[in-house]
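Worksheet: one structure, shown below.
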Amino acid sequence: MERLKRRRDFLRAARGRKWAAPGLVLQAWRRDDDDGPRVGFTVTKRIGNAPRRNRVRRRLREAARLVMPECAHNGFDYVVIGRRDTLARDFDGLKEDFKLALSVVHKPRGPARNASSPGTRQQ
RNA sequence: CCAGUUGGCCGGAUGGCCGCUGCCCGGUGCCUGCUUGCAGGUUUCGGGGAGAGGAAAGUCCGGGCUCCAUGGAAACACGGUGCCGGGUAAUGCCCGGCGGGGGCGACCCCAGGGAAAGUGCCACAGAAAGCAAACCGCCGGGGGCUUUGGCCACCGGUAAGGGUGAAAGGGUGCGGUAAGAGCGCACCGCGAACCUGGUGACAGGGUCGGCACGGUAAACCCCACCGGGAGCAAAACCGAAUAGGGGUGGCGCGAAGCCUUCGGGCUUCAGGCCGGUUUCCAGGCCGCCGCCCGGGUUGGUUGCAUGAGGCGUCCGGUAACGGGCGCCCUAGAUGAAUGGUCAUCGCGUCUGCUCGCGCAGGCGUACAGAACCCGGCUUACAGGCCAACUGGCACA
RNA sequence: GCGGGCGUAGCUCAGGGGUAGAGCGCAACCUUGCCAAGGUUGAAGUCGUGAGUUCGAAUCUCAUCGCCCGCU
């Protein structure tokens, strides 16, 4: 699975569809081609100090490795954003969050503006 | 056994399943080169082995390394350090000592040079805050008043007593005196030169002086010593791409020679520029200075892990540390690997049962993530281990 | 990686060794038929935290915590 490394790729994904789950936030951007899916991770300083951010990123990376081969679509760039609750979330729940977020994000168009509003149910 | 001091050490373990990043070996596909079966690069598969810390942190000091073309000398400025001796590549670090302070003690703490080089400040209170003075007092003198106890002002002598303050011009005692005073004496403190011990900081000793010299330098300052700047996103190479810039203002465009397509170019001298400033020497660069505008690259390799390295042992040294010998090689990422998950156990603590050994259950298991590399310092940290020493209690 | 700045009343800031201040805001009262404005009075502070220097520290020094900014 190819990783996103450029800042502009992250900024472009942020303009795409979003879904906030208890353990993570997913952003997706439909590219023009149909090459394999790509994924990037964002864990900000607000999450905690360096070891805590490392653990969050590693759990998200592992979840992506297990979930994406069957659920991700070609031609998409995904950005997974860590949350404070990512560490507390149990791993099976984290994988379910990921699957649900993928399915929501894949839905074509929908009511465009409130695409991210279901995420507010957490807090 | 309880309480404590100092120094050192550890920083969970095992297994199953699935993964990540380098390295080595073997196979496989592709590309390139030619010496035509080898070499190099790369894809993928299998096997082996390695993979965060005591602080990796804060970035507070000291270095290595690289660049600023480069080195030296002096002065000034700026910054830092500040008892003595030693250790070290070096330090503001470490060790040992000296002096001062704290603790019954083991032991701990101290930015600890200079206040007779100069300047500043010492609020309030107080008579007076740095130069000696005198508010209430105390004592003497002559005078006035008087209820014969004294009272009043004046002129002197004093600084013992009172009060203020953080601090009032040595302290305590005795003598002395009208009252007092280093006025005299003893002890303590202070100062000076001397002697002795020590490498030294300093300590000890007697002698003399007869008190003069308040505090503050983490106020300015003086003295001594140290310091060029930037930082691995340094820097070098390969590849790609673009450019070898343009505009504008000021100053300059000097001399000689040569060439010329008459725009100018080249050489030498003069001149200018180059470290925080100035000067000098050596050296380098070529219009100089200020402002504005524009273009390209955000790939790879090296740097990049053998180092003031670690461990063991012997020797020297009180120690920090140094030396000899032997063994070992121990992370190398770059949107950034070193993991995810499950199970069992360990450790600590609480509750219940139990005489107890134990059993069951709950909770907790820290601080924190390498980014060029070392030496220190500081800060954070669940829980635990070891050694030496101190005080107390009990027993022999 | 390198460097700089700021933490003082609810908010914005003064004060740079000697009793912590200003403006806005808040409360009470006066004024008015009522409100606003105005006036008077008042409350409100571990001066980010901890050590040190000093007789005395918001102020000077050191350490530490948090926030902000710049350069590469």
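Being a predicted model, the structure only gives us computed values, none of them experimental.
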Could you measure between the two [atom1] atoms, the one in [N] and the one in [M], and give it in whole Å?
| N | M | atom1 | value |
| --- | --- | --- | --- |
| rA166(B) | rC68(C) | P | 45 Å |
| rG80(B) | rA218(B) | P | 12 Å |
| rU66(B) | rG303(B) | C1' | 9 Å |
| rC71(C) | rG18(C) | P | 39 Å |
| rA167(B) | rC188(B) | P | 28 Å |
| rC122(B) | rA128(B) | P | 15 Å |
| rG101(B) | rU216(B) | P | 16 Å |
| rG205(B) | rG99(B) | P | 14 Å |

Classify the glycosidic conformation of [N] as syn or anti, calling it syn when the angle lies within 90° of 0.
| N | value |
| --- | --- |
| rU91(B) | anti |
| rG149(B) | syn |
| rG143(B) | anti |
| rG263(B) | syn |
| rG391(B) | anti |

Exercise. Is it true that a side-chain atom of D85(A) and a backbone atom of A88(A) form a donor plus acceptor pair closer than 3.5 Å?
Worked result: no

What does the list of N/O pairs under 3.5 Å between the protein and nucleotides 52-57 of chain B look like, with a distance for each?
unit_1	atom_1	unit_2	atom_2	d
rA52(B)	N1	R58(A)	NH2	3.4

Under 3.5 Å for both donor-acceptor distances, Watson-Crick or wobble: does [N] have a partner, and if so which one?
| N | result |
| --- | --- |
| rA370(B) | none |
| rG169(B) | none |
| rA394(B) | none |
| rG231(B) | rC65(B) |
| rU21(B) | rA50(B) |
| rU351(B) | rA360(B) |
| rC138(B) | rG157(B) |
| rU313(B) | rG324(B) |

From [X] atom [atom1] to [Y] atom [atom2], the distance as rounded to the nearest 0.5 Å:
| X | Y | atom1 | atom2 | result |
| --- | --- | --- | --- | --- |
| L66(A) | F98(A) | CG | CZ | 10.0 Å |
| L11(A) | Q27(A) | CG | CD | 10.0 Å |
| L94(A) | L87(A) | CG | CG | 9.5 Å |
| L24(A) | L60(A) | CG | CG | 6.0 Å |
| R59(A) | R89(A) | CZ | CZ | 10.0 Å |

What are the atom names and distances for every N/O pair under 3.5 Å that joins the protein to nucleotides 334-336 of chain B?
unit_1	atom_1	unit_2	atom_2	d
rG335(B)	O2'	L4(A)	O	2.7
rG335(B)	N7	K5(A)	O	2.5
rG335(B)	O6	R7(A)	N	2.8
rA336(B)	OP1	R3(A)	NE	3.4
rA336(B)	OP1	R3(A)	NH1	3.1
rA336(B)	OP1	R3(A)	NH2	2.6
rA336(B)	OP2	R3(A)	NH2	2.1

Could you tell me the separation between the [atom1] atom of [X] and the [atom2] atom of [N], rounded to a whole number of Å?
| X | N | atom1 | atom2 | answer |
| --- | --- | --- | --- | --- |
| F98(A) | rG340(B) | CZ | P | 17 Å |
| L24(A) | rG340(B) | CG | C1' | 15 Å |
| R52(A) | rG339(B) | CZ | C1' | 18 Å |
| L66(A) | rC17(B) | CG | P | 16 Å |
| D92(A) | rC342(B) | CG | C1' | 10 Å |
| R65(A) | rC20(B) | CZ | P | 7 Å |
| N49(A) | rU379(B) | CG | P | 20 Å |
| D90(A) | rA343(B) | CG | P | 12 Å |

Exercise. Using Watson-Crick and G-U wobble pairs with both distances under 3.5 Å, what is the 5'-to-3' dot-bracket string of RNA chain C, with [ ] for crossing pairs and | for pairs outside the strand?
Worked result: ((((((((.[[[[.)..(..]]]].(((((.......))))).....[[[[[..)....]]]]]))))))).

Exercise. Taking C-beta and beyond as the side chain, do N54(A) and R57(A) meet within less than 4.5 Å on heavy atoms?
Worked result: yes

Exercise. Can you check whether Y78(A) reaches H73(A) side chain to side chain, under 4.5 Å on heavy atoms?
Worked result: yes

For this session: Give the intermediate values and the outcome of side chain to side chain contact (heavy atoms under 4.5 Å, CB included) for residues W19(A) and L100(A).
Result: CA-CA 9 Å; W19(A) 175 263; L100(A) 181 65; 4.1 Å; yes

Exercise. Closest heavy-atom contact between A63(A) and F91(A)?
Worked result: N-CZ, 3.9 Å

For this session: Write down the atom of I47(A), the atom of G82(A), and the distance for their closest heavy-atom approach.
Result: CD1-O, 3.5 Å

Who are the side-chain hydrogen bond (donor to acceptor under 3.5 Å, both in side chains) partners of [X], not counting sequence neighbours?
| X | value |
| --- | --- |
| R84(A) | none |
| R53(A) | none |
| R30(A) | D34(A) |

Exercise. Which part of the nucleic acid does R53(A) contact within heavy-atom distance under 4.0 Å: base, sugar-phosphate only, or nothing?
Worked result: nothing

For this session: With heavy atoms under 4.0 Å as the rule, sort R59(A) into base, sugar-phosphate or nothing.
Result: sugar-phosphate

Exercise. More than 12 non-hydrogen atoms from neighbouring residues, nucleotides or ligands closer than 6.0 Å to CZ on R52(A), yes or no?
Worked result: no

Seminar exercise, completed: On RNA chain B, more 5' by nearest nucleotide between F91(A) and A50(A) is F91(A)

